[in-house]
Amino acid sequence: MSLLLNATTDAIIALIVLAVVLTIAFVIVFVLKRKFGKDRGMITKDEPKIVNVEVKKPFMVNEEVVFLKNLYNVLPAEFVAFPHVGVDNLVKPKGDKILYNTILSQYIDIAIFLKATMEPVLAIDLYSPSPVAQALKQTHPNVKKALQTVGIPLMEYQLSEEYDLMELKAKVFDALPVKMLALLKDKVKNNK
């Protein structure tokens with residue numbers, strides 16, 4: 001009888017220990033999820049009635065607008081370009097997030113996508129002819145490495161007042177991945 005009582009007591013103690021460990025683990029997960037959860041955004045415990053922000057002006061400087069207009073003139077219809085695309089919209093973490101977190105607040109000046117699938121095919125880094133402006137706005141080395149890792153070429157282009165459209169088209173087509181050029185050639189063959 002005492003052997004049965006010892007076995008029951010051991011089982012009860014094991015169940016109590018398991019319940020305590022599970023409770024502690026649940027509390028830790030709940031606290032971490034609440035503190036670091038993605039859905040929290042700008043919400044705080046004492047949510048303000050008004051968030052003190054203003055419109056960022058200008059979204060793009062005039063030279064960037066001129067470049068984007070000219071870029072659309074040379075891009076084939078199969079592509080679409082967007083300004084100021086966050087790098088986190090082009091790449092996602094695969095495994096360790098430490099290096100990925102260094103590029104979260106970074107953006108690409110212009111990103112070109114294949115319109116049918118919205119697959120990013122080319123990133124364009126615009127720079128000013130001014131050496132001071134160039135020094136202030138350089139693409140983060142981790143952004144360059146991330147784009148290289150996923151196979152998105154990074155084209156650097158100097159802003160100017162006017163653009164030679166043939167030169168711009170040649171530079172963009174030289175920078176496009178080979179598979180995109182093959183896709184364009186196949187389309188031209190099929191349309192003839």
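No hydrogens, no waters, no symmetry mates; every other heavy atom, side chains included, goes into these values. For reference, positions follow the sequence shown, starting with 1.
We find the CD-CG distance between Glu64 and Leu126 to be 6.0 Å, quoted to the nearest 0.5 Å. The distance from atom CG of Asp10 to atom CG of Leu15, rounded to the nearest 0.5 Å, is 11.0 Å. We find the CG-CD distance between Leu154 and Gln148 to be 10.0 Å, quoted to the nearest 0.5 Å. Taken to the nearest 0.5 Å, the CG atom of Asp109 stands 12.0 Å off from the OH atom of Tyr127. Rounding to the nearest 0.5 angstrom, the gap separating the CG atom in Leu176 from the CG atom in Leu75 is 8.0 Å. Put simply, OG1 on Thr139 and CG on Asp125 are 3.0 Å apart, with the number rounded to the nearest 0.5 Å.
Between Leu122 and Pro153, the shortest heavy-atom distance links the atoms CD1-O, 3.5 Å. Residues Val74 and Phe173 share a closest heavy-atom pair of O-CE1, 4.0 Å. Between Ile110 and Ala81 the shortest heavy-atom distance is CG2-CB, 4.0 Å.
Clustering ILVMFWY residues whenever any of their side-chain heavy atoms sit less than 4.5 angstrom apart, transitively, puts Leu159 in the very cluster that holds Val65. Both Leu104 and Val91 belong to a single network of hydrophobic side chains, linked directly or stepwise wherever heavy atoms of I, L, V, M, F, W or Y lie under 4.5 Å apart. Hydrophobic cluster membership is shared by Met118 and Ile152, with clusters built from Ile, Leu, Val, Met, Phe, Trp and Tyr side chains linked at under 4.5 angstrom. Follow the hydrophobic side-chain contacts under 4.5 Å out from Tyr107 and you never reach Val61; the two are in separate clusters. Linking ILVMFWY side-chain heavy atoms closer than 4.5 Å, directly or via other members, places Ile13 and Val21 in a single hydrophobic cluster.
Between Phe59 and His84, the ring-plane angle classifies as perpendicular under the 30° and 60° cut-offs. Between Tyr163 and Phe67, the ring planes lie perpendicular to each other; the angle is over 60°, past the 30° to 60° tilted range.
In this structure the side chain of Val172 never reaches within 4.5 angstrom of the side chain of Tyr157, judged on heavy atoms. Between Leu114 and Phe79 the shortest side-chain heavy-atom distance falls below 4.5 Å. Using a 4.5 Å heavy-atom cutoff, the side chains of Asn89 and Ile108 are not in contact. Side-chain contact between Ile112 and Leu71: present, with at least one pair of heavy atoms (C-beta onward) separated by less than 4.5 Å.
The environment of Lys97 atom NZ is sparse: at most 12 non-hydrogen atoms of other residues, nucleotides or ligands sit within 6.0 angstrom. Around the CG atom of Leu22, the shell of radius 6.0 Å holds more than 12 heavy atoms that belong to other residues, nucleotides or ligands.
Partner Leu90 forms a side-chain contact (heavy atoms from CB on, under 4.5 Å) with one of Ile103, Val150, Leu147 and no other, that one being Leu147.
Sorted by first and then second residue, the salt bridge (charged side-chain N to carboxylate O under 4.0 Å, His left out) pairs with a member in residues 153-163 read Lys144-Glu156; sequence neighbours excluded.
Scanning for salt bridge (Lys or Arg N to Asp or Glu O under 4.0 Å) contacts around Glu119 gives Lys179, with sequence neighbours left out. Under the rule for a salt bridge (Lys or Arg N to Asp or Glu O under 4.0 Å), Lys69 has no partner lying at least two apart in sequence or in another chain.
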